[in-house]
Amino acid sequence: MKVTLITDIFGVTDHLLQIQQGIAGAGWVCEVLDPYCGVERQFTSESVAYESFIAECGHKKYCDLVISNLEAADCPCVVIGFSAGASAAWKALDRIGSDVVSQLIGFYPSQIRHHLAVNPSVPVSLVFPAFEAHFDLDAVMVSLAKKSLLMLSQTQYEHGFINFYSSAYHKLASSQYIDLLCNPKLLKDPTSMQVELARLSNKILDR
């Protein structure tokens, strides 16, 4: 049983490694995939992190990295992605299926707006923030809501609320969602995971 954590633009951080340790403590093999080849970076701001991400990796390369990593795994993985990592994993679903991924859990995948044609063949749970500053999130969610195997929820928190190093970090919300991600029963059961993720969210888009 394996989980792959796909980081946001901050890459590997001590906070992210705590999530990895929590999942490993639940009895799952947990691997971290990031844009910087495992090198921990110390970014002073989100804008600096984004500039580095674009210069050193970028969205297309990140998606290709996700695909090659997952295809090399010896069993289907539970994939958990954050921001750019969630978007890369979503886009990757266009090229990989249930033999590679058992479920995808994605938090605030803003780049998904450019890949609305993807139709997942595995259970997907997407947790969106209260709003996105650069696009119409409601319109994106309405478009996605037509797809099967997909659960959408929207929180009252801002983009990045799980990441300790984000200006949007929310300690309680982060802790509550991380508890779900470290629950071995939920990792094994996508339907139950979707129910619990929805329970934590204050707005669910009915399909």
Side-chain angles (χ1 to χ4, degrees), residues 4-9 33 35 46 50 53-54 57-67 70 76-163 166 168 170 173-174 177 180-181 186 189-207:
T4 299
L5 291 175
I6 308 178
T7 78
D8 58 17
I9 59 176
L33 185 64
E46 288 170 77
Y50 184 74
F53 171 75
I54 293 300
C57 185
H59 295 292
K60 183 183 184 304
K61 184 177 177 181
Y62 205 14
C63 179
D64 291 341
L65 183 63
V66 168
I67 292 170
L70 294 176
C77 298
V78 175
V79 177
I80 302 171
F82 304 94
S83 193
S87 297
W90 168 264
K91 186 180 178 183
L93 292 181
D94 230 10
R95 294 160 55 185
I96 56 179
S98 58
D99 58 325
V100 176
V101 176
S102 59
Q103 69 167 312
L104 166 62
I105 304 161
F107 293 89
Y108 32 85
S110 59
Q111 289 294 312
I112 200 173
R113 67 189 189 274
H114 301 304
H115 306 289
L116 298 177
V118 173
N119 290 301
S121 59
V122 300
V124 177
S125 306
L126 297 179
V127 180
F128 288 99
F131 66 92
E132 288 282 6
H134 303 296
F135 64 95
D136 184 347
L137 179 56
D138 286 342
V140 168
M141 292 183 68
V142 167
S143 179
L144 291 170
K146 304 170 186 176
K147 299 180 184 294
S148 60
L149 297 174
L150 178 58
M151 186 282 294
L152 308 177
S153 63
Q154 187 173 16
T155 73
Q156 60 185 298
Y157 311 108
E158 296 181 29
H159 185 123
F161 71 88
I162 289 180
N163 184 349
S166 170
H170 190 287
S174 179
Y177 279 96
L180 295 186
L181 300 181
L186 299 182
D189 183 354
T191 300
S192 295
M193 177 66 82
Q194 289 181 337
V195 169
E196 291 304 310
L197 287 169
R199 181 184 60 81
L200 279 181
S201 303
N202 71 344
K203 179 181 177 183
I204 301 172
L205 193 68
D206 292 324
R207 292 194 273 117

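Counting heavy atoms from C-beta outward, D138 and Q154 have side chains that approach closer than 4.5 Å. Between L5 and L33 there is no side-chain heavy-atom pair separated by less than 4.5 Å. Counting heavy atoms from C-beta outward, E132 and S110 have side chains that approach closer than 4.5 Å. Inter-residue side-chain proximity for F82 and I105 is flagged as unmet; no heavy-atom pair is nearer than 4.5 Å. In this structure, the side chains of V100 and P76 stay at 4.5 Å or more apart for every pair of heavy atoms. Side-chain contact between P120 and W90 is present, with at least one heavy-atom pair separated by less than 4.5 Å. Side chains of Y62 and C57 form a contact here, defined as non-hydrogen atoms less than 4.5 Å apart. The shortest distance between side-chain heavy atoms of L200 and L180 falls below 4.5 Å.
Between the NE2 atom in H134 and the CZ atom in R113 there is a gap of 8.0 Å [rounded to 0.5 Å]. Expressed to the nearest 0.5 Å, how far CD of E196 lies from CG of L186 amounts to 6.0 Å. Atom SG of C77 and atom CG of L104 lie 11.5 Å apart (nearest 0.5 Å). Atom OG of S121 is separated from atom CD1 of I96 by 8.5 Å, given to the nearest 0.5 angstrom. Of the inter-residue distances, the one linking L137 atom CG with F128 atom CZ reads 6.0 Å to the nearest 0.5 angstrom. Interatomic distance, I6 CD1 to D8 CG, rounded to the nearest 0.5 Å: 11.5 Å.
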**Report entry** Residue pair F107, L181: steps toward the side chain to side chain contact (heavy atoms under 4.5 Å, CB included) verdict
**Finding:** CA-CA 12 Å; F107 293 89; L181 300 181; 3.9 Å; yes

Report task. Before giving the answer on side chain to side chain donor-acceptor pair (under 3.5 Å), spell out for Y177 and S201 the whole-Å C-alpha distance, their side-chain angles and the decisive distance to 0.1 Å. Result -> CA-CA 10 Å; Y177 279 96; S201 303; 3.1 Å; yes

Query raised in the report: Please walk me through it: do L149 and V124 pass side chain to side chain contact (heavy atoms under 4.5 Å, CB included)?
Result: CA-CA 6 Å; L149 297 174; V124 177; 5.9 Å; no

Report task. Please step through side chain to side chain contact (heavy atoms under 4.5 Å, CB included) for the pair L197 and M193, ending with a clear verdict. Result -> CA-CA 6 Å; L197 287 169; M193 177 66 82; 3.8 Å; yes

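Considering every non-hydrogen atom in both H59 and A84, the closest pair reads CE1-CB, 4.3 Å. Across all their heavy atoms, S166 and G160 have their closest contact at CB-O, 3.3 Å. Of all the heavy atoms in V122 and V101, the pair that sits closest is CG1-O, 3.2 Å. In terms of heavy atoms, A145 sits closest to L152 at N-CD1, 3.7 Å. Nearest approach of I67 to A92, heavy atoms of both residues: CG1-CB, 3.5 Å. Closest approach of P190 and S102 over heavy atoms only: CG-O, 4.3 Å.
Judged by distance alone, with hydrogens and angles left aside, the side-chain atoms of Q103 form no donor-acceptor pair with the main-chain N or O of P123 at under 3.5 Å. Remark: side-chain polar atoms of S174 are paired, donor with acceptor, to backbone N or O of I162 under 3.5 angstrom. Between the side chain of K147 and the backbone N or O of L116 there is at least one donor-acceptor pair closer than 3.5 Å. Listed for the Q111 side chain is no donor-acceptor partner under 3.5 Å among the backbone atoms of S87.
You'll find the ring centres of H170 and F161 outside the 6.0 Å limit.
For the salt bridge (charged side-chain N to carboxylate O under 4.0 Å, His left out) test, no residue two or more places apart in sequence or in another chain qualifies with E158.
Y108 and H159 have tilted rings, their planes meeting at an angle from 30° to 60° on a 0 to 90° scale.
Ion pair D64/R95 flagged as a salt bridge, since at least one NZ, NE, NH1 or NH2 atom sits closer than 4.0 Å to an Asp/Glu carboxylate oxygen.
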